[in-house]
Peer 1: 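My questions will all concern the structure given below.
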Amino acid sequence: MHAGITDWRPRKGVTGILAVVCLAGCAAITGYDPTSYKMATDLKAEALILIEKAQYPPAQHAAAIESLRIKLRKALEYEKGKGERNRFTRELWEILSDPNGSLLGGFLKKWETENKGQSPAFLDGIGKNVGEAFDRIIELESHKVKD
Amino acid sequence: MLDFDRFFKELKTGMVEIAQKEATDFVKEATSDGSAFLNAVKADLQVWTKQYAQGKLSKDDFEFLVKGKKDLAKMEALTQAGLAAIRVDRVRMAMIDLIITAAGKLV
């Protein structure tokens, strides 16, 4: 009789070990990263303060606009660098910072293109939308598994 | 003698319990988050429609804000997908603990 048929118990043991090894190495998403969390919360505050200032033309805030754009790009590149398992967070940053979208990236482009101060009602609305967008990024990061 | 049958029976029961609990919690939370998002969108759209009618928002600004909600809906969906992946990882880690605990009883 073949050993493979009668001696099934050790095979089950091997299967169990392989299951542990596979489970240990197959995370579906990246773990919690305090740097990512801080970047998101810091940039949220910075973005909302800049939005409040957009009641004036963009020229006097050109340096702050450029600085925020650079920080957004840095955050996106940082998240991209974590690879495919970080795709949800990376895509969140892409939507938020897309200059052709209608959140922060799109707002900065609109403000500069129109080259004028924005209405209080619009600033209330965009502040709310951008704040919620950052909250999605912060929410996802804060729920990630901590080591 | 090692009781593999009992080992695998315990594992199977434990894994089903973990998966069921995580799945139930996730469906509950995702449904609640989805409802909260839709309610928030509805409230904002009502305010903006009124402001547009009153001339406080231009047509371009109104459209920009509404498109922003569309972007936010994509972000909400991505967040929920990410939270589901986190649940999968929690189940994975709970199963590793379960296997190690059950294996410990064998020796």
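Each chain gets a letter, A, B and so on, in the order its sequence line appears, and its residues count up from 1.
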Peer 1: Check each atom of B:E63 against the heavy atoms of chain A and say whether the ones under 4.5 Å are side chain, backbone, both or neither.
Peer 2: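 Neither; nothing under 4.5 Å.
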Peer 1: Any luck finding a side-chain donor-acceptor pair between A:S36 and A:K82 under 3.5 Å?
Peer 2: yes
Peer 1: Tell me if the NZ atom of B:K56 is crowded by more than 12 foreign heavy atoms within 6.0 Å.
Peer 2: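 It does not: B:K56 NZ has 12 such atoms or fewer within range.
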Peer 1: With a sphere of 6.0 Å drawn around OH of A:Y37, does it hold more than 12 non-hydrogen atoms of other residues, nucleotides or ligands?
Peer 2: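 Open: at most 12 neighbouring heavy atoms sit under 6.0 Å from OH of A:Y37.
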Peer 1: Looking at B:D44, B:V66, B:D60, which makes the most heavy-atom pairs under 4.5 Å with chain A?
Peer 2: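 With the most close heavy-atom pairs to chain A, the winner is B:D44.
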Peer 1: Give the member of B:A40, B:G82, B:A84 that has the highest number of heavy-atom pairs under 4.5 Å with chain A.
Peer 2: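 Answer, by heavy-atom pair count under 4.5 Å with chain A: B:G82.
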Peer 1: Just give me the residue among A:L96, A:I126, A:D135 that pairs up with chain B most often, heavy atom to heavy atom, under 4.5 Å.
Peer 2: A:I126
Peer 1: Regarding A:S102 and A:K110, is there a side-chain donor-to-acceptor distance under 3.5 Å anywhere?
Peer 2: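 No donor-acceptor contact under 3.5 Å links the two side chains.
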Peer 1: Nearest heavy-atom pair of B:L78 and A:F88: which atoms, and what distance?
Peer 2: O-CD2, 3.8 Å
Peer 1: Testing A:E84, A:E79, A:E141 for salt bridge (charged side-chain N to carboxylate O under 4.0 Å, His left out) with A:R90, which one passes?
Peer 2: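 Between A:R90 and the candidates, salt bridge (charged side-chain N to carboxylate O under 4.0 Å, His left out) is satisfied uniquely by A:E84.
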Peer 1: Show me the pairs that pass side-chain hydrogen bond (donor to acceptor under 3.5 Å, both in side chains) and involve residues 51-70 of chain A, at least two apart or across chains.
Peer 2: A:R69-A:E112
Peer 1: Kindly check if the number of other-residue, nucleotide or ligand heavy atoms within 6.0 Å of NZ (A:K146) is above 12?
Peer 2: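 Yes, NZ of A:K146 has more than 12 neighbouring heavy atoms, counting only those of other groups under 6.0 Å.
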Peer 1: Against chain B, work out which of A:A133, A:G101, A:S119 has the most heavy-atom pairs shorter than 4.5 Å and name it.
Peer 2: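 Heavy-atom pair counts peak at A:A133.
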Peer 1: Do any of residues 46-55 of chain B come closer than 4.5 Å to chain A, heavy atom to heavy atom, and if so which ones, in number order?
Peer 2: B:W48, B:Q51
Peer 1: By a 4.5 Å heavy-atom criterion (distance strictly below it), what part of B:K70 contacts chain A: side chain, backbone, both, or neither?
Peer 2: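 No part of B:K70 comes within 4.5 Å of chain A.
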Peer 1: Under a 3.5 Å cutoff, is there a donor and acceptor pairing between the side chains of A:K80 and A:N86?
Peer 2: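 Looking only at side-chain atoms, A:N86 and A:K80 do not form any donor-acceptor pair under 3.5 Å.
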Peer 1: Can you tell me which portion of B:D97 sits under 4.5 Å from chain A's heavy atoms? Options are side chain, backbone, both or neither.
Peer 2: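 Interface part for B:D97: neither.
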